[in-house]
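The next block holds one structure in the form of structure tokens; read it before the comments.
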Amino acid sequence: MQEILTSLERRRAEARAGGGKKRVEAQHARGKLTARERIELLMDANSFEEFDMFVEHRSSDFGMEKTKIPGDGVVTGWGTVNGRVVYVFAKDFTVFGGSLSETHSRKITKLQDMALRNRAPIIGLYDAGGARIQEGVDALGGYGEVFQRNVLASGVIPQISVIMGPCAGGDVYSPAMTDFIFMVRDTSYMFVTGPDVVKTVTNENVTAEELGGAFVHTTRSSIADKAYDNDVEALLQMRRLIDFLPSSNTSPIPEIPYLDDAERHDDSLDTLIPANPNQPYDMHELIQKTVDDGDFFEIQEAHAKNIITGLARIKGRTVGIVANQPMMLAGVLDSDAARKGARFVRFCDCFNIPIISFVDVPGFLPGTAQEYGGLIKHGAKLLFAYAEATVPKITIITRKAYGGAYVVMASKHLRGDLNYAWPTAEIAVMGAKSAVEIIYRAELSDKDKIAARVKDYETRFANPFVAAERGFLDDVIMPHSTRRRVARALDMLKGKKLENPWKKHDNIPL
Ligand code: HXC
């Protein structure tokens, strides 16, 4: 008997050794942890249970029958993060470069099926060289099976991808269909085709970092939601993220004990809006002063900074925050901001996370660059996302809410549940000067007359009361009471039930 037990331990040790000492050392030398080390950091201590550690590939082409490594390049299993069940797979770069074979894909799809059946989040840690080149179509089919499950699980369980090394070819599309992608600076990159193929096809000389590093994907392409300096930081932040997320679209949103007083007034907010309406202020300040302990998990913070999106808590319960940022392009909505906002709003709506919108928006960005780039359809994405969302929607207009952007930003007309404005709000079709220049074009040469008209327009519209008189706002609130009013609104909306008409699915303007 003892011999049998010892042989199990030996086989386990073999599997845990991955691609062997030399390859593990090379992994460490690059500043990367191994797949199992990553999982240890991500999961609660001693909670990880591995599946399929003895699985080997079945390929016999190109001499592969002589090279079999148990685990076949991916470590899969489940564990807990702060006590809640999470499924995880981690590509093991030390085994065939983490490349995906038929059996490797089956390990992942088994996990995806379990996560979906048992309604718990799944996290994928990527560090891999794409399809197992020796396997051909078996590997391609394997990817297809993984992709199909990503799509079925979308909107049912949270799916998170962390890119911690190379991620190329087939490996990029699975993360692209998950809810969030995170990257590690300097050690990770993502692209469909690498620098060599790019050189052959387009004659461009580009490094892996320039083509698909964390900087490119968090700033320009917006493929990645956030980047971290190293593996440890990335994994610890994933633990923090999981704490914000419900386990599925039918699970309650997490509720954690909170100490921050929900009745807390913040008098400094009464002077947040500068006297000059064209002067910016940092919307982060309002977010931090409203949510529990200023704890804000920002998503896509380096991309389209004119809109802020992220997760926070009020009275210990998760909320999604969407806010125009006057510090960047005066908080204008352009195509990038609209797409960023829309995706986040839809994420929150999938998972029953109430949305709080802080509005200070001068409108949509004019210009050929925007119009040629499809602003109409991109802007419509945000409009569509807010309009279809059935979660509690609370909106606070702090200053400008002009034109179409007023309507789009979770206005009453798009089923906003509670729409508040600060007394500094200005709700109008456009700014006073532009409005007067259009409706009094004939008087443009008379500067005094125009100045008087502008003053007139401001008096009439540069306030929240016209909208409040019509019931488009539920109340005009004191800035210092924002946290209290939002917290009370969320309590009141806890039982909200709202359903859209039955449909197979909608046709959001992609
Ligand atoms: C089999 C692979 C592999 C792969 C790497 N390895 N990629 N084995 N299939 N796709 C193996 C190497 O042979 C090597 O094995 C080990 O992993 C480490 O690889 P190195 O090249 O030594 O490492 P490094 O220099 O860091 O380069 C990493 C890399 C490079 C950039 C990922 O390996 C690479 O370019 N790989 C190929 C990428 C690729 O073109 N994949 C196919 C994409 S097509 P040893 O034994 O020496 O340790 C695709 C289509 C799917 O994915 C489409 C689905 C829709």
Side-chain angles (χ1 to χ4, degrees), residues 161 163 175-176 178-183 185 190 212-228 241 280-288 296-312 319-349 353 355-387 389 395 397-410 508-510:
S161 306
I163 316 301
T178 61
D179 296 299
F180 299 112
I181 297 181
F182 301 96
M183 295 183 76
R185 289 190 189 95
M190 285 183 93
F215 180 74
V216 171
H217 284 319
T218 51
T219 56
R220 290 187 74 163
S221 75
S222 80
I223 300 298
D225 294 287
K226 225 176 169 83
Y228 298 105
L241 174 61
Y281 60 93
D282 190 354
M283 193 60 101
H284 283 109
E285 192 177 330
L286 171 56
I287 297 169
Q288 264 144 17
F296 183 49
F297 190 98
E298 194 165 345
I299 304 283
Q300 295 252 333
E301 63 192 285
H303 175 74
K305 294 181 184 175
N306 34 334
I307 200 164
I308 302 169
T309 54
L311 298 161
V319 291
I321 306 276
V322 180
N324 309 114
Q325 169 58 297
M327 298 278 278
M328 178 58 85
L329 299 171
V332 78
L333 283 178
D334 57 5
S335 297
D336 285 346
R339 282 193 308 118
K340 169 176 161 179
R343 183 161 166 79
F344 184 72
V345 166
R346 295 192 103 214
F347 170 78
C348 291
D349 193 47
I353 297 172
I355 300 166
I356 299 167
S357 305
F358 293 114
V359 180
D360 186 349
V361 61
F364 282 96
L365 183 62
T368 49
Q370 286 295 312
E371 296 289 354
Y372 295 173
L375 178 64
I376 296 172
K377 274 216 169 150
H378 294 308
K381 290 183 171 90
L382 184 58
L383 168 57
F384 199 108
Y386 266 129
T395 306
I397 301 173
T398 58
R399 191 167 61 174
K400 296 171 189 160
Y402 290 168
Y406 152 69
V407 179
V408 167
M409 292 298 298
I508 190 165
L510 292 175

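The residues of the chain are indexed from 1 along the displayed sequence. These numbers were taken from a predicted model, which means no experiment stands behind them.
With respect to the salt-bridge test (charged N to carboxylate O, under 4.0 angstrom), the residues Lys226 and Glu301 qualify.
Remark: side-chain polar atoms of Gln370 are paired, donor with acceptor, to backbone N or O of Ser335 under 3.5 angstrom. Under the 3.5 Å distance criterion, the side-chain polar atoms of Lys381 are left unmatched by any main-chain donor or acceptor of Ala342. Of the possible polar contacts, one joining the Arg343 side chain to the Asp179 backbone as a donor-acceptor pair under 3.5 Å is found.
By the 4.5 Å heavy-atom criterion applied to side chains, Phe358 and Ile308 are not counted as neighbours. Within the 4.5 Å cutoff, no side-chain heavy atoms of Val216 are placed close to those of Met190. When side chains are defined from C-beta on, Thr218 does not count as touching His303, because their heavy atoms never get closer than 4.5 Å. Residues Tyr406 and Val359 are not in side-chain contact: their nearest non-hydrogen atoms beyond the backbone lie 4.5 Å or more apart. With a 4.5 Å cut-off on side-chain heavy atoms, His217 and Ile181 do not count as touching. Phe344 places a side-chain heavy atom less than 4.5 Å from the side chain of Leu311. When side chains are defined from C-beta on, Thr398 counts as touching Tyr281, because their heavy atoms get closer than 4.5 Å.
Listed here is the closest heavy atom pair of Ser222 and Gln300: O-NE2, 3.0 Å. Considering all non-hydrogen atoms of both residues, Ala385 and Arg346 come closest at CB-CG, 3.7 Å. For Phe364 against Ala405, the heavy-atom pair with the smallest separation is CE1-N, 3.8 Å. Here the shortest heavy-atom pairing between Ala337 and Val332 reads CB-O, 4.4 Å. Closest non-hydrogen pair, Pro326 versus Pro280, comes out as O-CB, 3.5 Å. Shown here for Ile355 and Cys348, the closest heavy-atom pair between the two residues is CG1-CB, 3.7 Å.
The distance from the CE atom of Met183 to the CG atom of Asp225 is 11.0 Å, given to the nearest 0.5 Å. How far NZ of Lys340 is from OG1 of Thr309: 4.5 Å, rounded to the nearest 0.5 Å. The CE atom of Met283 sits 10.5 Å away from atom CD1 of Ile321, with the distance rounded to the nearest 0.5 Å. Atom CG of Leu333 and atom NE2 of His378 lie 13.0 Å apart (nearest 0.5 Å). If you take CD1 on Ile307 and CG on Leu329, they are separated by 12.0 Å, rounding to the nearest 0.5 Å. Separation of atoms CG (Asp282) and CD (Gln288) is listed at 8.0 Å; rounding is to 0.5 Å.
With no hydrogens or angles considered, no side-chain donor-acceptor pair links Gln325 and Asp360 at under 3.5 Å.
Using cut-offs of 30° and 60° for the angle between ring planes, the Phe182 and Phe297 rings count as perpendicular.
Within 6.0 Å of atom CD1 in Ile508, more than 12 heavy atoms from other residues, nucleotides or ligands are found, so the atom counts as buried in its surroundings.
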